[in-house]
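What you see below is based on every heavy atom in this structure, not just the backbone, and it leaves out hydrogens, waters and symmetry mates.
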Amino acid sequence: MKTLATIGLAAAGAAGFLAWAVRGRSSAVFGPSVWRGPRDRRALALTFDDGPSEGTPAILEVLSRYSIPATFFQVGANVDRLPEIARAVHDAGHEIGNHSYSHPLLCFRSPGFMADDLGRAQEAIRRHTGALPVWFRAPFGVRWFGLGPVQRSLGMGGVMWTVIGYDWSLGAEEVVERILRRVSNGAILCLHDGRELRARPDTGATLEAVRRLVPKLLDQGYRFETISRLLCPTN
């Protein structure tokens with residue numbers, strides 16, 4: 001009985017470790033990854049996933065109003081669908097990251113699949129915006145075996161988040177409260193200017209959250225930076 005109990009505990013521990021390795025924000029098991037910047041500066045990075053979408057231009061207007069940069073992790077299929085909006089993000093001075101081409105769950109996917117999907121996204125972003133991403137955020141935050149070598153072959157580091165807004169399911173006020181409770185020096189904030197591969201998604205909660213959140217964080221003395229500047233302030 002003791003042997004069976006020991007085996008059960010070991011199996012539970014292994015399962016718990018794998019779950020953390022796959023989606024834990026601080027995990028770098030499957031490839032180089034960061035989830036926050038240095039804590040010694042009053043700076044943070046605002047990031048957006050799943051775009052571009054028809055809702056992205058309105059978010060760009062808010063960022064322009066306050067003259068703050070952000071990092072947009074774009075989905076290659078959405079870039080091909082809305083190349084002008086993808087290009088507008090780049091032309092406005094924001095950083096563009098890779099969020100895959102087809103927004104798949106990467107667990108149980110082969111290295112070949114990942115290389116093809118991430119590579120297609122790189123090419124779509126480069127072709128339509130002129131930018132070649134150096135950062136990758138996995139769809140749903142899920143990493144898997146073989147991702148690290150794929151990232152390295154494409155010249156990308158991994159990025160998770162310090163705080164995620166759940167803006168696809170929460171109202172704007174809840175998103176703002178959630179982020180303000182958890183923000184700190186070096187935080188990487190994750191919102192969404194799209195909803196996976198959907199055309200004309202409802203991003204109203206995200207837009208309103210950005211409208212409320214940005215001035216509050218500026219009033220608290222935070223400086224908004226791109227991921228590259230947050231992690232490498234001397235660049």
Supply the atom-to-atom distance Glu61 CD to Leu207 CG, rounded to the nearest 0.5 angstrom. 8.5 Å
A quick test of your reading: do over 12 heavy atoms of other residues, nucleotides or ligands sit less than 6.0 Å from CZ of Arg200? no
Test of understanding: with side-chain hydrogen bond (donor to acceptor under 3.5 Å, both in side chains), list the residues that count as partners of [X], not counting sequence neighbours.
{"X": "Thr56", "value": "Asp193"}
{"X": "Ser184", "value": "Arg36"}
{"X": "Asn78", "value": "none"}
{"X": "Arg39", "value": "none"}

Residues in salt bridge (charged side-chain N to carboxylate O under 4.0 Å, His left out) with Glu95, at least two apart? none
Under the salt bridge (charged side-chain N to carboxylate O under 4.0 Å, His left out) test, which residues partner Arg65, sequence neighbours left out? none
Member of Thr203, Thr47, Asp167 meeting the side-chain hydrogen bond (donor to acceptor under 3.5 Å, both in side chains) criterion with His192: Asp167
Side-chain donor-acceptor distances from residues 172-180 under 3.5 Å, at least two apart:
unit_1 : atom_1 : unit_2 : atom_2 : d
Glu173 : OE1    : Arg212 : NH1    : 2.4
Glu174 : OE1    : Gly171 : N      : 3.0
Arg178 : NE     : Ile164 : O      : 2.6

Give the ring-plane orientation class for Phe30 versus Trp144, where under 30° counts as parallel, over 60° as perpendicular and anything between as tilted. tilted
Give the ring-plane orientation class for His99 versus His103, where under 30° counts as parallel, over 60° as perpendicular and anything between as tilted. perpendicular
List, by chain and then residue number, the residues other than Leu197 in its hydrophobic cluster (Ile/Leu/Val/Met/Phe/Trp/Tyr, side-chain heavy atoms under 4.5 Å); write none if there are no others. Val75
So, for [X] and [Y], which heavy atoms are closest and what is the spacing to 0.1 Å?
{"X": "Pro139", "Y": "Ser100", "result": "CG-OG, 3.4 Å"}
{"X": "Ser27", "Y": "Ala21", "result": "OG-O, 2.9 Å"}
{"X": "Asn98", "Y": "Pro133", "result": "N-CB, 3.7 Å"}
{"X": "Pro52", "Y": "Ile85", "result": "CB-CG2, 3.7 Å"}
{"X": "Ala131", "Y": "His90", "result": "CB-CD2, 3.6 Å"}

Glu123/Arg120 ion pair, N-O < 4.0 Å: no
Pairs involving [range], ordered by first then second residue, that meet salt bridge (Lys or Arg N to Asp or Glu O under 4.0 Å) (sequence neighbours left out):
{"range": "residues 67-81", "answer": "Glu54-Arg81, Asp80-Arg127"}
{"range": "residues 132-158", "answer": "Asp49-Arg137"}
{"range": "residues 109-119", "answer": "none"}

Test: side chain to side chain donor-acceptor pair (under 3.5 Å). Region: residues 213-222. Which pairs qualify, not counting sequence neighbours? Arg42-Tyr222
Are Trp35 and Val22 connected in a single hydrophobic cluster, I mean Ile/Leu/Val/Met/Phe/Trp/Tyr linked by side-chain heavy atoms less than 4.5 Å apart? no
Would you say the side-chain atoms of Thr206 and Arg195 include a donor-acceptor pair closer than 3.5 Å? yes
Measuring centre to centre across the rings, with the benzene-like ring taken for any Trp, is Phe73 within less than 6.0 Å of Trp135? no
